[in-house]
Amino acid sequence: MYQLLNLINNLENVLGKTVGVESISLRISNNPKFDFQINNLVKLQNHKHIKDIESSFSEIIDNEALIKSFEITDTYFINLEIDIEKFSNSFDKIKKYIKVRHPKTVLIDYGGPNIGKPLHVGHLRSLNIGKSLYRIYSLAGHSVISDIHMGDWGMPIAQIITYIEEKQIDIENINIDDLEKIYPEASKLYLKDDEFKDLAQANNKRLNENNSKILKKWKKLKNISIKSIKETLDALNHRFDLWMGESDVNHLIPEMIQKLESEGKISLDDGAYISNLVSEPKILITKSDGSYLYLTTDLATVLNRLKQNKIDKTLYIVDKRQNLHFEQLIKSLNYFDFGDEEYHHIAFGTINDSNGNPYKTREGDAKKLINLFKETSLQIKKINSDLDDGTNKLLANTVLTFSDLKTNRMTDYKFDLNKFTNTSGKTGIYVQYAFVRAKKLLNGSSINTSKINLNIADLDESDLSLIRGMIKFEYYFNLALENNEPHHLADYLYELSNLFNSMYQNQNILENKKETVKFNKLKISEFFISYSALLMECLGIEPVEKM
Ligand code: ARG
């Protein structure tokens with residue numbers, strides 16, 4: 001809460017002197033008369049100097065211009081009421097207030113598609129959460145790098161190539177549809193046909209030895225996949241800074257293994273390298289046939305990233321089913337002394353169908369994202385056939401993003417297109433609609449709102465509620481940033497849109513006889529537009545101009 005930074009610093013100072021280091025944090029007050037609450041003193045109720053602390057706090061809060069009134073309860077909850085007039089003079093500085101004190105370089109590893117497989121429903125949450133966190137961290141002032149981290153190496157690719165060779169498929173004329181059919185066939189064959197398995201393993205070995213003939217085939221397949229992945233990402237409005245993949249770090253692995261062994265961090269056990277870190281289950285670094293594991297590649301990827309950029313913090317936006325993998329990765333990075341950078345697995349739950357089963361096509365495959373996008377866009381067309389294609393696309397993406405991000409990322413949710421495209425309820429359509437309404441109101445008024453100051457005495461209940469809703473921006477922004485949880489901002493955008501609609505529906509604003517009331521409402525609508533646009537930016541949604 002940087003708008004109140006001075007206040008917080010001063011309070012922390014007092015606490016630091018009396019009870020050692022302690023930090024003050026603001027919460028939303030549960031008393032509707034107030035905006036924020038500080039509850040750091042509650043646990044100090046019985047402290048021998050609590051009366052002194054209380055009086056120092058009172059004095060400091062009294063001197064803070066942004067605070068209109070406050071109370072300290074019997075149990076030492078402190079409730080604060082923000083001065084609306086002072087707030088309204090600084091509301092446009094919100095982008096400055098949300099900057100962190102110590103910016104870092106943050107790498108976000110998300111998307112994670114694999115060669116030969118289309119982007120499907122299983123990738124949606126990683127893409128949405130990743131893009132949203134990318135925006136949130138950037139707005140907070142961090143420098144952010146996104147890496148799609150392609151699964152473009154190893155056994156699955158060797159299986160595809162072997163299948164193509166065995167079935168004498170003309171690789172020069174292969175397209176993405178062929179490739180997507182080949183992948184499941186090849187992995188089936190690998191499991192049941194020993195001869196095929198041997199051939200695939202030999203190909204995998206050749207791949208790892210950088211055999212030029214097989215590399216040429218690999219390159220060809222990778223290009224076909226990337227082209228199709230990029231088409232889907234374009235439709236869904238995603239872009240990445242880095243298109244690195246598993247193949248980019250393969251050459252670093254032998255040296256990494258050698259070094260870990262000489263440092264006594266790993267040992268050979270039946271041909272496999274195992275981490276010497278005591279843990280249950282044991283952490284396998286390579287397989288007994290010497291081949292590399294998912295973990296081997298992820299370890300080398302960290303080394304590669306640190307070599308190329310100075311990265312302070314890495315976020316892996318990956319399905320919670322990979323919890324064990326990331327737990328092992330992060331433990332190993334620590335144990336292997338790869339550095340003191342931060343690593344976090346940002347896990348998420350699954351998208352289910354109406355019966356609560358993982359969302360699939362009728363044939364039982366994971367639904368392709370491009371098809372999900374097309375169905376959503378068709379549904380929106382059904383509801384409103386007048387929309388131009390650009391707006392339709394933005395709305396389809398709003399639906400796919402908002403319906404996803406409004407759910408706490410750890411919770412599974414049911415994909416329900418009818419519900420998600422509804423104009424009422426907590427939907428992407430609803431928040432876009434409130435935004436468009438506000439824009440329309442301002443455009444229809446021919447009044448230059450930038451010159452208007454609020455007339456505080458003439459604010460009514462619905463105006464005040466909306467303004468006091470906007471005061472919470474920094475709070476929710478920090479909550480999302482600190483916990484890597486975009487849903488706080490999706491909920492908050494819905495809350496503000498609701499408050500705007502209440503104000504808007506109360507009366508016909510442009511026809512109001514009293515000029516100060518009308519101007520107040522236009523000015524507040526202008527605030528709302530910028531807050532709503534900023535929240536959409538945080539969520540990775542583009543606001544539409546008309547609906
Ligand atoms: N390609 C992986 C998969 O399909 C996801 C990659 C996630 N990122 C990572 N660094 N492991 O499961």
Side-chain angles (χ1 to χ4, degrees), residues 106-131 133-134 144-160 179-180 183-184 186-187 218 221-222 225-226 228-230 232-233 238 240-250 252-253 256 283-285 292-309 311 313-333 336 338 341-351 358 365-369 409 484:
V106 181
L107 185 135
I108 310 190
D109 174 322
Y110 70 100
N114 301 316
I115 284 194
K117 284 203 246 175
L119 281 169
H120 55 79
V121 171
H123 294 107
L124 185 63
R125 297 194 89 177
S126 176
L127 287 170
N128 283 330
I129 297 166
K131 181 178 177 185
L133 292 179
Y134 187 101
V144 192
I145 306 168
S146 58
D147 181 6
I148 195 164
H149 194 73
M150 291 270 294
D152 62 352
W153 200 249
M155 232 20 239
I157 293 53
Q159 289 170 10
I160 297 176
L179 195 52
E180 285 167 7
Y183 183 84
S187 53
W218 165 76
L221 299 176
K222 179 166 174 175
S225 261
I226 287 189
S228 144
I229 288 167
K230 282 198 167 152
T232 304
L233 292 178
H238 288 279
F240 284 85
D241 299 322
L242 299 178
W243 279 77
M244 302 292 278
E246 299 180 350
S247 68
D248 291 297
V249 301
N250 201 54
L252 299 172
I253 295 177
M256 176 182 86
I283 301 177
L284 213 58
I285 304 297
Y292 304 149
L293 292 154
Y294 188 35
L295 185 64
T296 332
T297 321
D298 263 334
L299 286 166
T301 299
V302 167
L303 291 180
N304 197 36
R305 284 175 177 160
L306 292 177
K307 213 165 69 182
Q308 302 195 329
N309 290 291
I311 293 160
K313 177 167 170 170
T314 301
L315 306 179
Y316 296 95
I317 323 291
V318 189
D319 195 317
K320 68 182 174 193
R321 284 174 290 193
Q322 293 193 18
N323 275 354
L324 179 63
H325 169 74
F326 285 100
E327 197 186 294
Q328 295 191 331
L329 173 65
I330 294 168
K331 267 192 202 160
S332 303
L333 290 170
F336 295 160
F338 275 20
E341 292 79 12
E342 276 179 63
Y343 298 89
H344 302 273
H345 174 209
I346 309 304
F348 54 83
T350 31
I351 304 181
D365 309 319
K367 195 189 257 306
K368 283 194 201 184
L369 268 190
R409 61 179 162 78
N484 299 302

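Both counts, for ligands and for their atoms, begin at 1 and track the order of listing.
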- Message: Once rounded to the nearest 0.5 Å, what's the spacing between atom CD1 of Ile351 and atom NE2 of His123?
- Response: 11.5 Å
- Anything under 30° is parallel, anything over 60° is perpendicular, the rest tilted; go ahead and classify His325 against Tyr294. parallel
- Message: Rounded at 0.5 Å granularity, tell me how far CZ in Arg305 sits from CG in Asp298.
- Response: 7.5 Å
- What about Pro113: any of its N or O atoms under 3.5 Å from an N or O on ligand 1? no
- Query: Which distance, rounded to the nearest 0.5 Å, do you find between the CD1 of Ile108 and the CZ of Phe240?
  - Reply: 10.0 Å
- Task: Could you tell me the residue and atom name of the protein heavy atom closest to atom 4 (O) of ligand 1, and the distance to it rounded to 0.1 Å?
- Result: Asn114 ND2, 3.0 Å
- Message: At under 4.0 Å between heavy atoms, is it the side chain or the backbone of Asp298 that contacts ligand 1, or both, or neither?
- Response: side chain
- Query: What atoms of ligand 1 come closer than 4.0 angstrom to any heavy atom of Gln322?
  - Reply: 3 (C), 12 (O)
- Message: So is Glu246 touching ligand 1 or not, going by heavy atoms under 4.0 Å?
- Response: no
- Query: Using a distance-only test with no angle check, is there a side-chain donor-acceptor pair under 3.5 angstrom linking Glu246 and Tyr292?
  - Reply: no
- Query: Who's the nearest protein heavy-atom neighbour of atom 6 (C) of ligand 1, and how far?
  - Reply: Tyr294 OH, 3.4 Å
- Gly112 neighbourhood, listing ligand 1 atoms whose heavy-atom distance to it stays under 4.0 Å: 1 (N), 2 (C), 4 (O), 5 (C)
- Query: Does Tyr316 reach ligand 1 with a nitrogen or oxygen that is under 3.5 Å from one of the ligand's nitrogen or oxygen atoms?
  - Reply: no
- Query: What part of Met150, side chain from CB on, backbone N/CA/C/O, both or neither, has a heavy atom under 4.0 Å from ligand 1?
  - Reply: neither
- Message: For a 4.5 angstrom cut-off between non-hydrogen side-chain atoms, does Ile283 reach Leu295?
- Response: yes
- Atom indices of ligand 1, in the order listed, that fall short of 4.0 Å to a heavy atom of Val318: 7 (C)
- In this structure, NZ of Lys320 is separated from CD1 of Ile346 (nearest 0.5 Å) by 14.5 Å
- Should the pair Phe336 and Phe338 be assigned to parallel (<30°), tilted (30 to 60°) or perpendicular (>60°) ring geometry? tilted
- Query: Which of the atoms in ligand 1, numbered in the order shown and given with their element, are less than 4.0 Å from a heavy-atom of Phe326?
  - Reply: 11 (N)
- Which one holds for Tyr110 and ligand 1: side chain close, backbone close, both close, or neither close, with close meaning a heavy atom under 4.0 Å? neither
- Message: Checking a contact table here: which protein heavy atom is nearest atom 8 (N) of ligand 1, and how many Å away?
- Response: Asp109 OD1, 3.0 Å
- Query: Is ligand 1 under 4.0 Å from a heavy atom in the side chain of Asp319, in the backbone, in both, or in neither?
  - Reply: neither
- Message: How long is the straight-line distance from CD1 of Ile145 back to CG of Asp241, given to the nearest 0.5 Å?
- Response: 7.0 Å
